[in-house]
Amino acid sequence: MTSKEHSQRLWYSEPAQNWNEALPIGNGRLGAMIFGRAAEEKLQLNEDSVWYGGPRDRNNEDALPNLPKLRQLILEGKLREAEELAAMTMTGLPEAQRHYLPLGDLLLSFGGHGQPVEEYSRELDLDRGVSRVSYITGGVSYTRELFASYPDQAIVVRITSDRKHGISLKARFNRQNWRMLEKTEKWQDSGLVMNGECGGQGGSTFAAVLRAVAEDGTTRTLGEHLLVEGASSVTLLLAAGTTFRQPDPALHAKRQLEALSSVPYEELLARHIADYRSLFGRVALTLPENPERSGLPTSERLNRFRQGEEDHGLISTYFQYGRYLLIASSRPGSLPANLQGIWNDSFTPAWDSKFTININAQMNYWPAEICNLAECHEPLFDLIERLREPGRVTAKVMYGCGGFTAHHNTDIWADTAPQDTYLPASFWPLGAAWLCLHLWEHYRFSQDRYYLAQVYDTMKEAAQFLLDYLIEDESGQLITCPSVSPENTYQLPGGESGVLCAGASMDFQIIGALFNACVQSSEIIGRDEVFREQLLAALGRLPEPKIGKYGQIQEWMEDYEEVEPGHRHISHLFALYPGDAFTVQGTPELATAARTTLERRLASGGGHTGWSRAWIINFWARLQDEGKAYTNVRALLEHSTLPNLFDNHPPFQIDGNFGGTAGIAEMLLQSHTEVIQLLPALPSSWSEGSVRGLRARGGYTLDFTWTGGLVTEVVVTCTVSGPCRLEGPGLAPVSFAGEAGSSYSFTG
Ligand code: FUC
């Protein structure tokens, strides 16, 4: 195997000892964590709509009558009183939204496995989207191939051996201690159906269905078990769903599996690979490889990396793994990737394994456009649409405003009322506004005006809420109140600390970005002149970003001290990334202040969660500081990455994987200004390399190669006609009028 092929897989010489070593597969909706054990295999299963409980109206009707009082208390600096009032009047009723649940486990017990296991290996082949387990025991060689097919909406497990009639197994479903909510039934003599309730009022019901298709041998069911005896090969097919999408999920899954049972395995595999590759295969990244490292098991490579060794091949695998994970957890028709993508084995997961929209859900989608997976962005757009109706109610009931809003979390039902009574986070109504910027970014990359015309009203409605929500301060500026700078705490000169505030810097950066996006959209699609003028007038009255006493970007309107200077959120640099109002060339003073902000955060222990570290990579990339960007890529892998390369908050949280992948892309290509920049933050140790298929705003796809840190060749493919400007080390500035469908080559 060549080193290039090695970088396209994760592999291990031992089965997973725990969940953080298991390997994920998924088709956006259905997922499994594969432990890869020889005799007693476990697949921990998820389906994206298995959530506890039904939809509710949690809006607190006491919010609006108390809003003037709350604003007054905040503006007068009576923070304790304001907090007490907010905690009672603003909190959702009840406090918590819904949470995500596991579907269950599929347990496989193999017969004839009494002897020691030899030549064991398990892998996740990123190039094909297939996991494989192989070993020899008792002189018989066994192989399992596993994948989650998007075209066939099923998980497929193929078991083969080199001995005719060599496979015997028992399969059953399990659901930890929650078995009172489910029941397994036989399905003829070759299948099982696990039916159950997700729980809670108005909650969904779910079904998981398994069917065995055996070559030779027999299949039968006994109790809760499905038995296969004396088979030469077995294909296990698994389908699942809930009443969130299907009125009768068991019937639906059975019909699916009945149809799939007659399809040869090779065809199921071919359909899966063709579908998966149509997305994954769009991007290739080559960094300098060390051939001595590339053959080692992934866990060993990670251990050596942690000890300070260089392994750029591991970094390119990590980059591609982020793309793999997005394909596996977010496909058209699925829910968006939640805090854990789709992979969660806990009935009480950390932060409910839902959608945290004050950074985490957005970060999940940072690689979508630049890394050429725009279709995988769609589930987020669907959720944004579903937020509109409940978000209108929240805007009206809580704030007396038009438009739609959401706070710092949402769930399967697109709940928009505040989550928790956690003052540093809960009462922040900017969630929908930030999400809507993803619609704009999708347009910026695709230049698809038809799409923009469709989503314009959604962006407009988010802006309408903010126009109503903004209040005038003494100097006539428009400010947000109440708000927070997610999830940080400030200190007043007297020592008192506070979280609720009037005017967090991030708010103005998000509002500025959204209003500008709406203004530009309305011009592009030729609509809404009056509204555009309103936005322009408001834009002129938003507070400007301020530079504070340490030379940092101020996090609040006042130059407060921070209680925790190394805080994981760095919200006030939104305008640096993912926003684009702060740039090295366009706003050098703000860029310098952003640098100071980052240095201060890092000097006080910042970047301690995986996602925070990933955000920091993107910041340094935008500041074009390749050394610091690289140090933080290293830190992400050294300190915040689990053996299966999942991001570790801790615990596992997928945002850091996606933020890390986006950050590596941002080091290689940037397109947030008028000029596309190649290699804006290339680490010196990545001096040779190539990348194919990254996308740039303006409708471009780029392939380029570099040597000695200088671009040697670049090919730009235009999806729309228009002017294109390019810059990169070793490249004379390029400027040309591109034509849709054409490619243009330049050499350094
Ligand atoms: C925010 C972050 C936490 C965590 C949680 C899911 O509250 O501050 O670190 O990522 O979301």
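The first residue of the sequence shown is numbered 1, and numbering continues consecutively from there.
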S.K.: Do M667 and I617 have side chains that get closer than 4.5 Å, going by heavy atoms?
M.R.: yes
S.K.: Okay, side chain of Y321, backbone of N644: is any donor-acceptor separation there less than 3.5 Å?
M.R.: yes
S.K.: Are any side-chain N or O atoms of N516 and backbone N or O atoms of G512, one a donor and one an acceptor, separated by less than 3.5 Å?
M.R.: yes
S.K.: Has the side chain of S571 got a donor or acceptor atom that lies under 3.5 Å from a matching backbone atom of S485?
M.R.: no
S.K.: N648 and S640: side-chain donor and acceptor closer than 3.5 Å?
M.R.: no
S.K.: I need the single residue from W611, W615, W428 that forms a ring-ring contact (aromatic ring centres under 6.0 Å, His included) with H569. Which is it?
M.R.: W611
S.K.: Is the number of heavy atoms from other residues, nucleotides or ligands under 6.0 Å of E589 CD greater than 12?
M.R.: no
S.K.: Between F515 and Q534, is there a side-chain heavy-atom distance shorter than 4.5 Å?
M.R.: no
S.K.: Does the pair K546/D559 count as a salt bridge with the N-to-O cut at 4.0 Å?
M.R.: no
S.K.: Could you check if a side-chain atom of P102 sits within less than 4.5 angstrom of a side-chain atom of Q44, using non-hydrogen atoms only?
M.R.: yes
S.K.: Please determine, by modelled atom types, if S353 and N338 share a side-chain donor-acceptor pair under 3.5 angstrom.
M.R.: yes
S.K.: Scan residues 349-370 for pairs that pass salt bridge (Lys or Arg N to Asp or Glu O under 4.0 Å), counting only residues two or more places apart or in two chains.
M.R.: D352-K354, E369-R695
S.K.: Testing the basics here: between N657 and L645, what is the closest heavy-atom pair and its distance to 0.1 Å?
M.R.: ND2-O, 2.8 Å
S.K.: Testing the 3.5 Å rule here: is there a donor-acceptor pair between the side chains of N344 and S346?
M.R.: no
S.K.: Quick check on Q491: does its CD atom have over 12 non-hydrogen neighbours (other residues, nucleotides or ligands) under 6.0 Å away?
M.R.: yes
S.K.: Is it the case that the side chain of D411 and the backbone of R98 share a donor-acceptor pair, with hydrogens and angles ignored and the cut-off at 3.5 Å?
M.R.: yes
S.K.: Under 3.5 Å, is there a donor-acceptor pair between the side chain of T410 and the main chain of F355?
M.R.: no
S.K.: May I ask you to decide whether R601 forms a salt bridge with E564, counting only side-chain N to carboxylate O separations under 4.0 Å?
M.R.: no
S.K.: Can you say whether the rings of F465 and Y469 are parallel (under 30°), tilted (30 to 60°) or perpendicular (over 60°)?
M.R.: parallel
S.K.: Taking atom types as modelled, find out whether R613 and H608 have a side-chain donor-acceptor pair closer than 3.5 angstrom.
M.R.: no
S.K.: Please name the pair of heavy atoms, one in T609 and one in R568, separated by the smallest distance, quoted to 0.1 Å.
M.R.: CG2-CD, 3.6 Å
S.K.: Is the cationic atom of R600 (NZ for Lys, CZ for Arg) positioned less than 6.0 Å from the six-membered ring centroid of Y550 and within 45 degrees of its normal?
M.R.: yes
S.K.: Salt bridge check, E496 against K78: does any charged N sit closer than 4.0 Å to a carboxylate O?
M.R.: no
S.K.: How close do G341 and I654 get, counting heavy atoms only, and between which atoms?
M.R.: N-CG2, 3.5 Å
S.K.: By the salt bridge (Lys or Arg N to Asp or Glu O under 4.0 Å) test, which pairs, at least two apart or in different chains, include something from residues 638-665?
M.R.: R634-E638
S.K.: Check for a donor-acceptor pair, side chain of S483 on one end and backbone N or O of P429 on the other, with a separation under 3.5 Å.
M.R.: no
S.K.: Would you check if there is a donor-acceptor pair between the side chains of T458 and R388 at a distance under 3.5 Å?
M.R.: yes
S.K.: Would the distance check show the side chain of R58 and the main-chain N or O of L93 forming a donor-acceptor pair, the cut-off being under 3.5 Å?
M.R.: no
S.K.: Let me see the working for T421 and T91 under side-chain hydrogen bond (donor to acceptor under 3.5 Å, both in side chains), right down to the final yes or no.
M.R.: CA-CA 6 Å; T421 307; T91 305; 3.2 Å; yes
S.K.: How far apart are the closest heavy atoms of K396 and L64, and which atoms are they?
M.R.: O-CD2, 3.9 Å
S.K.: If the plane angle is over 60° it's perpendicular, under 30° parallel, otherwise tilted; pick one for F574 and W434.
M.R.: perpendicular
S.K.: For Q670 and R622, what are the C-alpha separation, side-chain angles and deciding distance, and is it a side chain to side chain contact (heavy atoms under 4.5 Å, CB included)?
M.R.: CA-CA 8 Å; Q670 292 177 15; R622 280 281 171 94; 4.0 Å; yes
S.K.: Any heavy-atom pair between the side chains of F404 and P390 that's under 4.5 Å?
M.R.: no
S.K.: Find out whether M90 and P482 are in side-chain contact, i.e. whether some heavy atom of one side chain is under 4.5 Å from a heavy atom of the other.
M.R.: yes
S.K.: Could you tell me how the ring of F646 sits relative to the ring of W343: parallel (under 30°), tilted (30 to 60°) or perpendicular (over 60°)?
M.R.: tilted
S.K.: Does a salt bridge link R80 with E84, judged by any charged N lying under 4.0 Å from a carboxylate O?
M.R.: no
S.K.: Counting the benzene-type ring for Trp, do F381 and H442 have ring centres under 6.0 Å apart?
M.R.: yes
S.K.: Taking L335's backbone N and O only, do any of them form a donor-acceptor pair with D48's side chain (distance below 3.5 Å, no angle check)?
M.R.: yes
S.K.: Using the side chain to side chain contact (heavy atoms under 4.5 Å, CB included) rule, take Y318 and V633 through it: C-alpha gap first, then chi angles, then the decisive distance, then the call.
M.R.: CA-CA 10 Å; Y318 185 88; V633 169; over 6 Å; no
S.K.: Do V397 and E61 come close enough that some side-chain heavy atom pair is under 4.5 Å?
M.R.: yes
S.K.: Are side-chain N/O atoms of Q362 and N364 paired as donor and acceptor at under 3.5 Å?
M.R.: no
S.K.: Taking C-beta and beyond as the side chain, do I553 and F582 meet within less than 4.5 Å on heavy atoms?
M.R.: yes
S.K.: For S497 and L79, work out which heavy atoms get closest and say how close.
M.R.: O-CD1, 4.2 Å
S.K.: Are D57 and N59 linked by a side-chain donor-acceptor pair shorter than 3.5 Å?
M.R.: yes
S.K.: Does any part of the side chain of F445, heavy atoms only, come nearer than 4.5 Å to the side chain of I370, both counted from C-beta?
M.R.: yes
S.K.: Answer yes when D580 and R444 have at least one side-chain N-carboxylate O distance shorter than 4.0 Å, and no when they do not.
M.R.: yes
S.K.: Ignoring hydrogens and geometry, is there a side-chain-to-backbone donor-acceptor pair from Y399 to D468 under 3.5 Å?
M.R.: no
S.K.: Salt bridge check, R392 against E389: does any charged N sit closer than 4.0 Å to a carboxylate O?
M.R.: yes
S.K.: Give me the atom names and distance for the closest heavy-atom approach of W366 to G659.
M.R.: CE3-CA, 4.2 Å
S.K.: State, without any angle test, whether T673 and T583 hold a side-chain donor-acceptor pair at a distance under 3.5 Å.
M.R.: no
S.K.: When you look at Y577 and W620, which way does the ring-ring contact (aromatic ring centres under 6.0 Å, His included) test go after all the steps?
M.R.: CA-CA 9 Å; Y577 188 93; W620 286 123; over 10 Å; no
S.K.: Check the surroundings of atom CD in E76: do more than 12 heavy atoms from other residues, nucleotides or ligands lie under 6.0 Å from it?
M.R.: yes
S.K.: Do you see a donor-acceptor pair shorter than 3.5 Å between the side chains of T596 and Q552?
M.R.: no
S.K.: Any luck finding a side-chain donor-acceptor pair between E487 and N358 under 3.5 Å?
M.R.: yes
S.K.: Given the rule in the side-chain hydrogen bond (donor to acceptor under 3.5 Å, both in side chains) test, do D507 and Q509 qualify, once you have shown the distances and angles that lead to the verdict?
M.R.: CA-CA 5 Å; D507 293 355; Q509 297 175 16; over 6 Å; no
S.K.: Quick one: sort the W51 and Y100 rings into parallel, tilted or perpendicular, breaks at 30° and 60°.
M.R.: tilted
S.K.: Any chance you could lay out the side-chain hydrogen bond (donor to acceptor under 3.5 Å, both in side chains) test for T89 and D62, step after step, and finish with the verdict?
M.R.: CA-CA 5 Å; T89 62; D62 291 328; over 6 Å; no
S.K.: Ignoring hydrogens and geometry, is there a side-chain-to-backbone donor-acceptor pair from Q477 to D473 under 3.5 Å?
M.R.: no
S.K.: Between Y365 and S330, does any side-chain donor sit less than 3.5 Å from a side-chain acceptor?
M.R.: yes
